[in-house]
Amino acid sequence: QVQLMESGGGLVQAGGSLRLSCSASGDIFRLSAMAWYRQAPGKQRELVAIISSGGVTTYADSVKGRFSISRDNAENTMYLQMNSLKPEDTGVYYCHLPLYNSFGKGTHVTVSS
């Protein structure tokens, strides 16, 4: 069973930056695409970004040009660099392993205006 653990969330002012990390257990990490999702208060969970096992990335239109997803297969870790944060980026950010449809417990991001 794969375990995913997010970290790096917090409170930041609009225009600021945060870097989220997701550490994964097991050897499946380097073989699988990985993704970040987020869920704003009162809204459905939405896909933020996805990265293939080979490093090809895709972003939601709302974060293009501001967020950057990356991975370190040697460390079984995925990252989300978030710049120019906006209040609408507030929510719980989840790491997702599509191969097993597995989510971590999430990390909270709050962007104040």
Side-chain angles (χ1 to χ4, degrees):
Q1 184 176 358
V2 176
Q3 291 186 334
L4 305 172
M5 182 174 295
E6 303 91 340
S7 62
L11 173 65
V12 64
Q13 287 187 334
S17 298
L18 283 174
R19 189 192 195 202
L20 306 184
S21 298
C22 169
S23 61
S25 64
D27 293 333
I28 198 64
F29 176 86
R30 64 179 64 87
L31 301 176
S32 176
M34 295 292 297
W36 286 100
Y37 279 76
R38 69 184 179 188
Q39 188 166 17
K43 295 188 177 181
Q44 289 189 331
R45 194 174 294 186
E46 63 175 356
L47 177 65
V48 174
I50 188 166
I51 184 166
S52 72
S53 58
V56 177
T57 59
T58 304
Y59 297 93
D61 287 343
S62 59
V63 306
K64 279 181 183 176
R66 300 187 298 121
F67 290 12
S68 178
I69 187 172
S70 61
R71 64 191 297 162
D72 184 340
N73 288 341
E75 297 294 329
N76 277 16
T77 303
M78 175 179 66
Y79 303 98
L80 186 68
Q81 178 66 43
M82 306 187 295
N83 298 327
S84 302
L85 282 161
K86 303 176 181 180
E88 50 263 45
D89 295 318
T90 293
V92 181
Y93 283 70
Y94 299 91
C95 177
H96 182 237
L97 178 64
L99 192 61
Y100 293 152
N101 194 26
S102 178
F103 286 92
K105 293 184 178 180
T107 185
H108 289 258
V109 172
T110 302
V111 184
S112 63
S113 57

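As the structure is a computational prediction, the values presented were derived from the model and not from experiment.
No donor-acceptor pair closer than 3.5 Å links the side chain of Arg45 to the backbone N or O of Val92. Side chain of Ser25 to main chain of Gln3: a donor-acceptor pair is present (N/O by atom type, distance under 3.5 Å, no hydrogens or angles). A donor-acceptor distance shorter than 3.5 angstrom exists from the side chain of Glu6 to the backbone of Cys95, with no hydrogens or angles considered. The closest donor-acceptor contact from the side chain of Ser102 to the backbone of Tyr100 lies at 3.5 Å or more, if one exists at all.
Here the CD-OG1 distance, from Gln39 to Thr90, works out to 13.5 Å after rounding to the nearest 0.5 Å. The distance from the CE atom of Met82 to the OH atom of Tyr93 is 5.0 Å, given to the nearest 0.5 Å. One finds the OG atom of Ser84 at 9.0 Å from the CZ atom of Phe67 (value rounded to the nearest 0.5 Å). For the atom pair OG of Ser32 and CG of Asp27, the computed distance is 12.5 Å after rounding to the nearest 0.5 Å.
Summarising the geometry of Arg71 relative to Asn73, their closest heavy-atom pair is NE-OD1, 2.8 Å, with the distance given to 0.1 Å. Heavy-atom minimum distance, Ile69 versus Trp36: CD1-CD1, 3.6 Å. Residues Gln81 and Ser17 come closest through the heavy atom pair NE2-CB, 4.0 Å. Annotation for Ala49 and Leu80: closest pair CB-CD1, 4.5 Å, computed over non-hydrogen atoms. Between Gly91 and Pro41, the closest heavy-atom pair is CA-CD, 4.5 Å. Between Leu18 and Gly8 the shortest heavy-atom distance is CD2-O, 3.9 Å.
The residues Arg38 and Glu46 are annotated as salt-bridged, a charged nitrogen and a carboxylate oxygen being separated by less than 4.0 angstrom. No salt bridge links Lys86 with Asp89; every basic N to acidic carboxylate O contact stays at or beyond 4.0 Å.
Under the 4.5 Å side-chain heavy-atom criterion for ILVMFWY residues, a single connected hydrophobic cluster contains both Val12 and Val63. Using a 4.5 Å cut-off between side-chain heavy atoms of Ile, Leu, Val, Met, Phe, Trp and Tyr, with links allowed through other members, Tyr94 and Ile51 fall into different hydrophobic clusters.
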(request) Could you walk me through whether Leu97 and Phe29 pass side-chain contact (heavy atoms from CB on, under 4.5 Å), step by step? (result) CA-CA 8 Å; Leu97 178 64; Phe29 176 86; 5.7 Å; no

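In this structure, the side chains of Val2 and Leu99 stay at 4.5 Å or more apart for every pair of heavy atoms. Between Leu4 and Met34, some side-chain heavy-atom pair lies under the 4.5 Å cut-off.
A cation-pi arrangement is not found for Arg66 relative to Tyr59, the charged atom failing to lie both closer than 6.0 Å to the ring centre and inside a 45° cone about the ring normal.
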